[in-house]
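These notes are about the structure you will find just below.
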Amino acid sequence: MIITNYELTITNYADFWFKLDQLVAASNLKIERPKGTSHPRYPSLVYPLDYGYLQDTRSGDGNDIDVWIGSLSSQTVTAVICGVDLEKRDTEIKILLGCTSEESRVILDIHNTGSQSAILLLRK
């Protein structure tokens, strides 16, 4: 039997989110930029949510994996942003923890400015 890429994606869908949950649970979450603070290089960007990273992990840019933390009481993985930045010439993901659909949309908009473009993968 031949398995297409589409079928493989559907088969591994739950496993993807489960493994992200495991990665988050096994990591120390550091808040680098609290909600309401400005970006150090782009002061007009005020963080609408807490923003940080998973300590001792590795992302596409060589740094720790970035995380946005939403307002839901459960801090489970609710979505992932996959982005490309032409200025930095890199791609990476950002994990969204406990984000509402409105918070996810706001974060996506931030990552779709200037030289950046991103898509949002929502957990069902």
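In this structure, Asp21 CG and Lys19 NZ are separated by 12.5 Å, a value rounded to the nearest 0.5 Å. The distance from atom CG of Leu121 to atom CZ of Arg123, rounded to the nearest 0.5 Å, is 12.5 Å. Separation of atoms CH2 (Trp68) and NZ (Lys35) is listed at 11.5 Å; rounding is to 0.5 Å. Distance check, rounded to the nearest 0.5 Å: CD of Glu92 to CG of Asp66 gives 5.0 Å.
Residues Ile69 and Leu49 have side chains not in contact (no heavy-atom distance under 4.5 Å, counting atoms from C-beta outward). In this structure the side chain of Leu96 reaches within 4.5 angstrom of the side chain of Leu120, judged on heavy atoms.
Side chain of Glu102 to main chain of Cys99: no donor-acceptor pair is present (N/O by atom type, distance under 3.5 Å, no hydrogens or angles). Although no hydrogens or angles enter the test, the distance criterion places a donor-acceptor pair under 3.5 Å between the side chain of Glu103 and the main chain of Ser71.
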Could you give the side-chain donor-acceptor pairs of residues 22-30 under 3.5 Å, partners two or more places apart or in another chain?
residue: Ser27; atom: OG; partner: Leu23; partner atom: O; Å: 2.6
residue: Asn28; atom: ND2; partner: Gln55; partner atom: OE1; Å: 2.9

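Of all heavy-atom pairs spanning Ile93 and Cys82, the tightest one is CG2-SG, 4.0 Å. Closest of all the heavy-atom pairs between Leu108 and Ala118 is CD1-O, 3.7 Å. The minimum heavy-atom distance linking Gly70 with Gln75 is given by the pair O-NE2, 3.7 Å.
Hydrophobic clustering, with ILVMFWY side chains joined whenever heavy atoms are under 4.5 angstrom apart, groups Ile31 together with Leu97. Follow the hydrophobic side-chain contacts under 4.5 Å out from Val106 and you never reach Ile95; the two are in separate clusters. Residues Val67 and Phe16 are members of one and the same hydrophobic cluster, defined by side-chain heavy-atom contacts under 4.5 angstrom among Ile, Leu, Val, Met, Phe, Trp and Tyr.
Looking at Asp64, Asp90, Leu54, Ile65 one by one, the single match for side chain to side chain contact (heavy atoms under 4.5 Å, CB included) with Ser59 turns out to be Ile65. Tested against Lys94, the residues Ile110, Ile81, Ile107 include a single side chain to side chain contact (heavy atoms under 4.5 Å, CB included) partner, Ile81.
Taking the six-membered ring where the residue is Trp, His39 and Tyr47 present parallel rings, their angle staying beneath 30° rather than reaching 60°.
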